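Numbering of ligands and ligand atoms starts at 1, following listing order. Just so it is clear, the structure is predicted and the values come from calculations on it, not from any experiment.
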Amino acid sequence: MATALFTHWSCLEHETGPGHPENPGRLSAVLRALDAERFQYLDRRQAPRATLDQIERVHTPDLVTRLQASIPITGIVSLDGDTVLSPGSFEAALHAAGAVCAAVDAVMAGEVRNAFCAIRPPGHHAEPGQSMGFCLFNNVGIGAEHARFAHGLRRVAIVDFDVHHGNGSQTLAEHDPDLFYGSTHEWPLYPGTGALGDRGDYGTVVNVLLRAGSTGAEFRAGMTSRLLPALDAFAPELIFISAGFDAHRADPLADLALVEDDFAWATAEIAAIADRHCRGRLVSSLEGGYDPAALASCVAAHVGTLMEV
Ligand SMILES: [Zn+2]
């Protein structure tokens, strides 16, 4: 069965201003890489808008209203130090969250085995009531709630190998016995959450902390010893990947030293657990990655692995 690729042109129209690391050039680089011949069998689909019902299963109506009201007619406005809005930002955010929901639908219908959402803005820092850290809506969180609401799933897992801790996603899992959140991240680093001792009320949170300078060896050891066994024991009915590639050694925003093969390895390991528990059902969504060339080659390694499993 095929791998689907969900994206939408509006995700290129979320402008962040000169010098901002989370810029449209990132997504252009990813889409160029996925145009290569080896990706000709991807099932390419347009991401729809998420509905307000889908978004408000995670976010407060007040956040949605405030975001929409803050969109400028021209230029750029700043929500906080790093999170900015341009005229196209709300539309981009709707399609980014909508991509993950549509990917869930396609995977659950058995039309494809797994899916990758090439979208921006990213999502894992967005809290229920607060956009932050380049993230407007928590795309993967919205997808996870959609999977439970629209498809009757109970146990859903999120694996987040972005170099930053996904504070917004952990918030969703902390008080929920049926939502697993496992993260590998550099420590200490923005946003400062994701301590080793965080387990959530029901033990569904697992954080693997990596010191600056850690290589793929430490990343794989942390995955193998803690995150993957916990994911396996959780026995998910669907797995999401918060696929950030800013742990790559070339990334300007962090200090880990992963390479393309490490991301391919992690993808294959997660896919093997999906095979064991849920017929391979896996939905991956782009989070960070701020060196465009490294990001593009990492996404190629990740999606290439999804196509082979
Ligand atoms: Zn990140």
- Message: Students often mix this up, so state it plainly: with edges at 30° and 60°, are the rings of F263 and F161 parallel, tilted or perpendicular?
- Response: tilted
- Among N, O or S atoms, D162 approaches the Zn ion (ligand 1) most closely through OD1
- Query: Does any N, O or S atom of H124, backbone or side chain, fall under 2.8 Å from the Zn ion (ligand 1)?
  - Reply: no
- May I ask you to decide whether R155 forms a salt bridge with D176, counting only side-chain N to carboxylate O separations under 4.0 Å? no
- Item | Distance, nearest 0.5 Å, that separates CD of E287 from NE2 of H164 | 11.5 Å
- Message: If only side-chain N and O atoms count, and only distance matters, is there a donor-acceptor pair under 3.5 Å linking T267 with H302?
- Response: yes
- Message: If you round to 10 degrees, what value do you get for the angle at the Zn ion (ligand 1) between D246 atom OD2 and H164 atom ND1?
- Response: 100°
